[in-house]
Amino acid sequence: HRHRDQWAQVSISQRLVYLQSCLDRTLSIAEAWAQAACQAKGIDPQANLAGEEWIAGPISTVRNLRLLITSLQAGGQLSPPDIYRREDGQVVAQVLPANLLDRVLWLGYRSEVWLEPNTMPTQGQIYRELFPSQVCLILGAGNVSAIVAMDVLSKLFGENQVVIVKMNPVNAYVGAYLAQAFEPLMRDGFLRIVYGGADVGEYLCQHSQIQSIHITGSHRTHDTIVWGATATEQRSRKATNHPRITKPITSELGCVTPILVVPGKWSKSDITFQARQVASTIAHNASFNCAAGQVLVTASGWAQRDEFLAAIRRELAAIPPRQAYYPGTQDRYRAFLDRYPQSAPLGAGNSESVPWTIIPDVPPIAGEYALTEEAFCGILVEVTLNAQTAPNFLTQAVDFANDCLWGTLSCTVLIDSQTQSQYRSALDSAIANLRYGAIGINLWSAMLFYLGSTTWGAYPGNPLTDIGSGIGFVHNSYLFDRPQKSVVYAPFRIFPTPVWFATHKHLLGIAKHLLKFEAYPTWQNLPAVIMAALRG
């Protein structure tokens with residue numbers, strides 16, 4: 001609290017020194033950080049799968065630091081590669097590829113940040129205006145270790161707030177590595193890391209010197225903080241609009257994440273590739289991701305629907321089960337099985353894991369348990385819409401995703417190149433109408449979390465009384481003042497094998513090269529990444 005005014009006066013040149021020092025320190029402890037995460041999640045640190053923790057921890061953090069450096073070198077108003085206005089007047093900024101290196105590394109990708117309608121593409125408000133600092137409490141996520149680090153960077157360098165982080169007990173071990181990586185910020189009093197359970201969180205939320213709060217976690221935890229400890233108290237306070245806490249609170253609170261499969265003519269290898277992608281969205285991090293694929297939406301009139309579903313079952317069944325390290329997994333899993341007797345586990349579970357499980361033939365009805373409850377445990381729900389053509393499916397799928405699924409954080413759309421070309425207008429309308437903060441076209445929407453130049457957060461408009469996936473955005477390295485959502489387009493058949501695929505054969509190898517490249521993206525560092533990627 002004593003250092004908040006000092007932080008507001010820290011110049012851009014001084015902030016760049018902090019960012020560069022934190023980047024170099026993150027590089028120095030990256031391996032130890034990743035190995036600690038592996039040990040906590042039951043992964044052999046020397047196994048290929050360990051690369052997942054390198055990417056989900058230090059690599060994502062290093063990329064975010066480097067992008068912020070680039071942005072601040074431009075005074076917090078880095079010009080995006082392109083800005084255009086849609087026919088409806090909405091402004092869209094292209095943020096990837098940003099240069100020739102991006103075009104090579106992200107071959108065929110394009111990512112955009114859509115701004116709120118009727119707004120101008122202004123950037124970096126805290127670097128354009130006198131902007132007072134606040135003390136922000138971050139209640140850390142327990143699943144992906146980069147989340148806390150990137151939340152800290154967003155609050156400090158994007159919103160001008162000094163930060164106290166309360167680590168989640170599930171991954172409190174990460175705090176020691178964050179303390180080493182961000183030591184300059186801690187040394188000068190702009191960041192503190194503390195530990196404890198709900199009692200510590202409650203104390204800090206109520207503390208008079210905490211001026212704002214950010215939480216990544218459950219909407220239930222959010223409502224406990226804001227509206228009260230019991231359902232009765234929450235209902236009463238919501239009815240009278242009398243929250244326990246009136247401090248500004250931003251949040252990212254999960255989602256029942258859809259994968260919308262647009263009908264088309266796919267080759268056998270297309271089906272295998274996309275089945276692997278779907279399976280990987282479930283298996284990654286043992287499915288303890290807010291963007292884990294949960295609801296697969298297909299068209300009844302798609303001739304290849306059954307073939308695709310069978311391929312997904314094969315791919316999931318081939319992925320070994322992972323340690324269920326997150327508390328409450330068995331209870332959440334059992335709650336789904338109890339409600340859906342048609343559930344099809346792909347293997348046997350035990351006290352330390354649950355099997356990947358498909359629940360077919362779930363009705364597309366608002367209020368359905370599987371469509372309103374985040375599984376967070378390796379379950380894929382299959383829903384079929386009565387559609388015969390791609391345009392008809394897109395219209396129905398958008399309405400279904402917007403109106404029947406809980407949350408607005410992220411969604412994925414799979415559409416082959418020919419169908420995309422044939423029905424470009426229908427796809428464009430679908431993207432515009434999807435009320436999600438992050439939309440991946442032909443790639444898992446969680447990649448928008450990694451990219452950093454895209455925004456990450458719920459679609460705007462959630463009131464505190466019905467919080468959904470939350471309020472506000474993080475990452476957003478271009479520092480757009482009023483983003484609405486981000487969209488990333490990828491080729492239908494991505495080559496080489498994407499790093500989020502569970503079948504990647506050289507994940508640990510590429511991760512070690514990618515760490516260096518993300519810190520210092522040069523032509524000299526690119527060949528090692530490409531060669532490692534080709535071995536995947």
Side-chain angles (χ1 to χ4, degrees), residues 34-57 141-145 168-174 197 217-218 220 254 256-257 275-296 309-362 369-370 373-382 446 500-505 507-508:
Q35 288 183 352
C38 287
Q39 290 165 359
K41 297 179 180 183
I43 299 171
D44 178 355
Q46 304 306 316
N48 189 47
L49 183 58
E52 192 174 280
E53 291 305 318
W54 283 72
I55 294 169
N143 55 339
V144 175
S145 62
N168 191 303
V170 177
N171 63 356
Y173 62 89
V174 177
S218 162
R220 293 183 175 89
V256 173
T257 306
R276 286 177 179 163
Q277 173 149 238
V278 171
S280 298
T281 73
I282 301 156
H284 186 278
N285 196 30
S287 214
F288 301 130
N289 290 326
C290 53
Q294 181 169 330
V295 180
L296 186 78
L309 295 177
I312 292 173
R313 291 189 186 94
R314 286 196 302 272
E315 294 297 331
L316 264 179
I319 300 172
R322 299 189 182 176
Q323 181 175 311
Y325 68 86
Y326 211 88
T329 301
Q330 299 287 352
D331 291 340
R332 290 191 301 276
Y333 179 69
R334 180 54 55 188
F336 274 81
L337 264 60
D338 288 346
R339 286 170 173 83
Y340 298 100
Q342 74 270 35
S343 299
L346 303 174
N350 54 47
S351 61
E352 294 186 353
S353 68
V354 297
W356 315 124
T357 299
I358 294 177
I359 305 180
D361 305 320
V362 172
Y369 183 84
E373 189 70 22
E374 188 177 11
F376 219 59
C377 65
I379 282 175
L380 178 65
V381 174
E382 191 271 319
W500 62 91
F501 271 38
T503 54
H504 200 289
K505 298 175 182 177
L507 189 58
L508 182 57

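Note that the coordinates shown come from a computational prediction; the quantities given were computed from them, not determined experimentally. Positions are given from 1 along the sequence.
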Apply side chain to side chain contact (heavy atoms under 4.5 Å, CB included) to the pair F288 and T329, showing each step before the final yes or no.
CA-CA 9 Å; F288 301 130; T329 301; 3.3 Å; yes
Residue pair V256, E373: steps toward the side chain to side chain contact (heavy atoms under 4.5 Å, CB included) verdict:
CA-CA 7 Å; V256 173; E373 189 70 22; 5.7 Å; no
N285/Y325 under side chain to side chain contact (heavy atoms under 4.5 Å, CB included): CA gap, chis, key distance, verdict
CA-CA 10 Å; N285 196 30; Y325 68 86; 2.9 Å; yes
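One finds the CD1 atom of I43 at 8.5 Å from the CD atom of Q323 (value rounded to the nearest 0.5 Å). For the atom pair CD of Q35 and CG of D44, the computed distance is 9.5 Å after rounding to the nearest 0.5 Å. Atoms CD1 and OH, on I379 and Y333 in that order, are 6.5 Å from each other to the nearest 0.5 Å. Note that CG of N289 and OG1 of T257 are 9.0 Å apart. Values are rounded to the nearest 0.5 Å. Considering OG1 of T357 and CG of L380, their distance stands at 10.0 Å, rounded to 0.5 Å. Taken from CD in E315 to CH2 in W356, the straight-line distance is 13.5 Å, to the nearest 0.5 Å.
Around atom CD of E352, no more than 12 heavy atoms belonging to other residues, nucleotides or ligands sit under 6.0 Å away.
For N168 (side chain) and N143 (main-chain N/O), no donor-acceptor pair under 3.5 Å exists by modelled atom type. Side-chain N or O atoms of R276 include none that pairs as donor or acceptor with a backbone N or O of F501 at under 3.5 Å. Listed for the E382 side chain is no donor-acceptor partner under 3.5 Å among the backbone atoms of I358.
In this model, no donor atom of one side chain and acceptor atom of the other lie less than 3.5 Å apart for N171 and Y326.
What you find for I282 and G293 is that their closest heavy atoms are CG1-O, 3.5 Å. Summarising the geometry of E52 relative to L507, their closest heavy-atom pair is N-CD2, 3.5 Å, with the distance given to 0.1 Å. Nearest heavy-atom pair across A37 and E53 is CB-OE1, 3.4 Å. Contact record, G142 with V170: O-CG1, 3.4 Å, taken as the closest heavy-atom pair. Scanning all heavy atoms of the two residues, the minimum distance from V295 to A370 falls at CG2-O, 4.2 Å. Considering every non-hydrogen atom in both P321 and S353, the closest pair reads CB-OG, 4.1 Å.
Contact annotation: the side chain of R322 approaches that of L49 to within less than 4.5 Å [non-hydrogen atoms, C-beta and beyond]. R334 places a side-chain heavy atom less than 4.5 Å from the side chain of L337. Two residues are said to be in side-chain contact when any heavy atoms from C-beta on lie closer than 4.5 Å; P355 and L346 fail this criterion. Side-chain contact between C290 and E374: present, with at least one pair of heavy atoms (C-beta onward) separated by less than 4.5 Å.
Taking the centre and axis of the six-membered ring of Y369, the NZ or CZ atom of R339 falls inside the cone set by 45° and 6.0 Å.
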